[in-house]
Amino acid sequence: MLIDGNFSSRSPRHTPDRQRREGGFYTPRPIADLMVRGGLNAVARSTPVHTARILDPAAGAGVFLITAFRQLVAENWRESGRRPDTHELRRILYEQITGFDINEAALRFAALGLYLMSIELDANPEPVRKLKFENLRGRVLLKMCDDGQDRPLGSLGPAVGDEHVGRYDLVVGNPPWATSTRLPEWHSVQAVIHRVAAERLPQGYPPPPIPNEVLDLPFLWRAMEWAKPLGQIAFALHARLLFQQGDGMQLARRALFAALDVTGVVNGVELRQTRVWPEIAAPFCILYARNQVPPQGAGCRLVSPRLELALNHAGGMRIDASNAELITTQEIIETPEIFKLLFKGTRADAHVYERLRAHVPERLGQYWGRLFGVEAGRARFTGNGYQKLRNSSRIRKHGDGLPGVAADYLHGRREVTLASMTNILVDERTLPFFTEPRIHDRRAETLFDGALVVVQKAPPASLGRIRTAVVQGGAVFNTSLYGYSSRAHDDGLLVRYLSLVIGSKIALWQVLITSGEFAFERDTIEKATIDRLFIPAVESLSHHDRTEVLRLFQRVQDGTPDAWDEVDRWCAGIYHLRERDLGVVADTLKFGLPFAGNRRLAQAPAEDEAVNEFCAVLEAELSLWGKRLGRCIEARPAAKLDASPWRGIRLTSSVAKPNGQAVPHIDWGKFLPLADHFAATEFIFEEANDCLWLGRLDQARYWSESQARAVAQRVAWEHMDLLKGRASA
């Protein structure tokens, strides 16, 4: 499905300050259309759509209400076989549409939009007396606060009466995304959420947290009350719901997906800062749900539209439902990283991650705590670097009357910086002395003791790895670095080992597919993600592997060509990964890293060499099946059509060995109309003589070896007749 259109839904009296305060963003009309139509299509499974009641609990300027009104009129027309007249239009408007909001100006614009839409849809709007409307306020559009309230709870508070409970077939909208709201009476919002959760979650399940007092999640919990049983919910939300790992969001996500039957998620993270949703930089998602506790075996489809600059700059996005990943509710509860894993990777990455986790059950933070002890819930001798004085640096009650703290306790120590990390082993004697007079807050001296590993917070795009370095004698470092001080391991083996493993491709891959920040909202890696890396304990290494640590570290230190590639292969061995697993890791990093070069590469046309390699892998994988069935499988690239956005492959099955003749063009006359209709990234159609044509978008990310293996698996599952041969089928 290609989504495009104009973005005329923004209010002409847009007030950015108030928008930021209330956490609201005007929704592009194409996204509102997508959500309303998707929600009503689901409603149709149990309720006649033309009778549906629809609620937007954060109506704003009314883009969802106007879209819903227009769609209900179309459904009424389809059901009755005649165009609704003025009386019928008014009935639909007054009885089937409801909107809540706290903003008076927004409600006025919503009313105006609904009036104008009603006139536009009326085939006979004259005479003038027919233009008279009943007042929509208090009936269709409800203001959920008192004018004297400075920061009202709105739809989340007691202003919404019991008459709205279980009333609506579809609850749809874009609730505010604000965080750290500190709203008065927030405890009453939590009480309602806990009550709703208690009715839906198993007995003894802990009350769901609302991390950082975000506003969109409470709206989702309240929607479970407003929607009818088995009714539909469709919300545009901040994508932290899917990807954030800290601040209690894992618990919030588990509780939500255990209480609500989420059926589909459109993940718009790659499309932020494009014209798909102008003027917001926040990552977003669209969630569709059926209002019931998820039944046994329930799951949702995750669709992640990819960055396609030409399409996105025109305000469009490609929603390829045929390429959606199915995620079970059980997976969401048991694997907190599953959404990020399948967004940046594939099912192949999920299998590699599970294998890695099975062989290496301990994470770095746990391991460091076991080695050096835990203090205040955290492993000792590791942490973020010092912060320089900031505007927010506070004056201590029993301090010296100046902001921050005196830093003289660190004077006399050297300081390691990003500029000094030109080698994996830093000679501290070449480092400048630390001279800051004051810092934002105190850091323990032991954090800076040697032997020390420092890890760069923002991986350099040119390096394609997490930059690490060892400072044998220790050094001070600032917030651009994280540190691991190995005070009890003076021989330096542990820090050298840690530096190599964190610098490996396998570590960066773990970060990419699990981090709640990296390649989501930021291009930096949080310390908690480094601590969550699975890492084999150094004491579990064989004598040979310990010797390899020292040898490989020396080769990297000496700048030996391909030394890091050798490190990657060695790391794969200690993680019990196969050569094929390393290929999955390499493909995911190549096209999934958030850097500009990787994004360009992902969208670039596939090289002929890559297409030929894709065919070779596809043929080899399918030939394993063909040999069992006495068939010869051949995969050959079709001649490329000039300026076509597609590349094609012909798959054939025969008893005789293929002759290897050149493949002509795909019959684009058959193929393109279907491809355009479904807006898919891949399309397969059958032809006579045991032949399949496979078309894929001509973008490099779809022509990797990992993608070829995934295609082979689908062909084996869905087109067994090709492998058997039609004559014998």
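These numbers come from the heavy atoms of this one structure, side chains and all, not from hydrogens, waters or symmetry mates.
Smallest separation of non-hydrogen atoms from Ile332 and Cys300: CD1-SG, 4.4 Å.
Using a 3.5 Å distance cut-off with no hydrogens or angles, the side chains of Ser118 and Arg90 do pair a donor with an acceptor. Side chains of Gln232 and Arg45: a donor-acceptor N/O pair is absent below 3.5 angstrom, by distance only. With hydrogens and angles left out, the side-chain atoms of Glu88 and Asn76 include a donor and acceptor closer than 3.5 Å. Residues Thr274 and Asn312 bring no donor and acceptor atom of their side chains to less than 3.5 Å of each other. A donor-acceptor contact under 3.5 angstrom links the side chains of Asp122 and Thr86, judged on distance only. In this structure, a donor-acceptor pair under 3.5 Å is present between the side chains of Ser515 and Glu526. Asn291 and Arg200 share a donor-acceptor pair across their side chains, judged by distance under 3.5 Å alone. Side-chain contact of Gln96 with Arg91: a donor-acceptor pair under 3.5 Å is present, judged by distance alone. A side-chain donor-acceptor contact under 3.5 Å links Arg696 and Gln707.
For the pair Gln245 and Arg253, the minimum side-chain heavy-atom distance is below 4.5 Å. Counting heavy atoms from C-beta on, the side chains of Asp216 and Arg240 come closer than 4.5 Å. Annotation: side chain of Ile54 is not in contact with side chain of Val43 (no heavy-atom distance under 4.5 Å). Side-chain atoms of Phe518 and Thr529, non-hydrogen and from C-beta on, never get closer than 4.5 Å to each other. For the pair Pro57/Pro175, no side-chain contact is recorded, criterion being any heavy-atom separation below 4.5 Å from C-beta on. Side-chain contact between Leu141 and Asp101 is absent, with no heavy-atom pair separated by less than 4.5 Å. For the pair His238 and Pro283, the minimum side-chain heavy-atom distance is below 4.5 Å. Leu220 has its side chain within reach of Ile233: a pair of non-hydrogen atoms, C-beta onward, lies under 4.5 Å apart.
Relative orientation of the Tyr115 and Phe133 rings is tilted, given thresholds of 30° and 60° on the angle between their planes. Aromatic ring orientation, Trp226 versus Phe219: perpendicular (interplanar angle above 60°, classes split at 30° and 60°). Ring orientation note: the planes of Tyr168 and His164 are close to parallel, at an angle under 30° on the 30°/60° scale.
Between the side chain of Asn41 and the backbone N or O of Gly38 there is no donor-acceptor pair closer than 3.5 Å. Between the side chain of Gln244 and the backbone N or O of Leu241 there is no donor-acceptor pair closer than 3.5 Å. Proximity of a side-chain donor or acceptor of Asn135 to a complementary backbone N or O of Arg137 within less than 3.5 Å is detected. Between the Ser188 side chain and the Glu185 main chain, a donor and an acceptor come within less than 3.5 Å of each other. Under a 3.5 Å cut-off, the side chain of Asp169 and the backbone N or O of Arg53 do form a donor-acceptor pair. The closest donor-acceptor contact from the side chain of Lys344 to the backbone of Gly592 lies under 3.5 Å. With hydrogens and angles disregarded, no donor-acceptor distance shorter than 3.5 Å links the side chain of Tyr353 to the backbone of Ile338. Checked by atom type and distance alone, the side chain of Thr263 pairs as donor or acceptor with a backbone atom of Tyr288 at under 3.5 Å.
The pair Glu325-Arg301 does not meet the salt-bridge criterion, since no charged nitrogen lies less than 4.0 angstrom from a carboxylate oxygen. A salt bridge links Glu225 with Arg195: the distance from a Lys NZ or Arg NE/NH1/NH2 to an Asp or Glu carboxylate oxygen falls below 4.0 Å. Between Glu104 and Arg108, at least one side-chain N (NZ, or NE/NH1/NH2) sits under 4.0 Å from a carboxylate O, which counts as a salt bridge. A salt bridge links Arg714 with Glu682: at least one charged nitrogen is closer than 4.0 Å to a carboxylate oxygen.
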Practice problem: Could you give me the CA-CA distance, side-chain angles and deciding distance for Asp320 and Arg306, then say whether salt bridge (Lys or Arg N to Asp or Glu O under 4.0 Å) is met? | Solution: CA-CA 10 Å; Asp320 182 5; Arg306 299 301 177 184; over 6 Å; no
Exercise. Please assess Lys340 against Glu337 for the test salt bridge (Lys or Arg N to Asp or Glu O under 4.0 Å), listing each intermediate value before the final yes or no.
Key: CA-CA 6 Å; Lys340 183 70 181 298; Glu337 311 92 345; over 6 Å; no
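With sequence neighbours excluded, the residues satisfying side chain to side chain contact (heavy atoms under 4.5 Å, CB included) with Trp186 are Thr181, Leu183, Val189, Gln190, Ile210, Glu213, Leu215, Pro218. Checked against side chain to side chain contact (heavy atoms under 4.5 Å, CB included), Ala255 has the following partners two or more places apart in sequence or in another chain: Leu201, Tyr205, Pro208, Trp221.
Figure legend: cation-pi geometry between Arg272 and Phe284 absent, as NZ or CZ is not positioned both under 6.0 Å from the six-membered ring centre and within 45° of its axis.
Phe343 has its ring centre less than 6.0 Å from the ring centre of Phe243.
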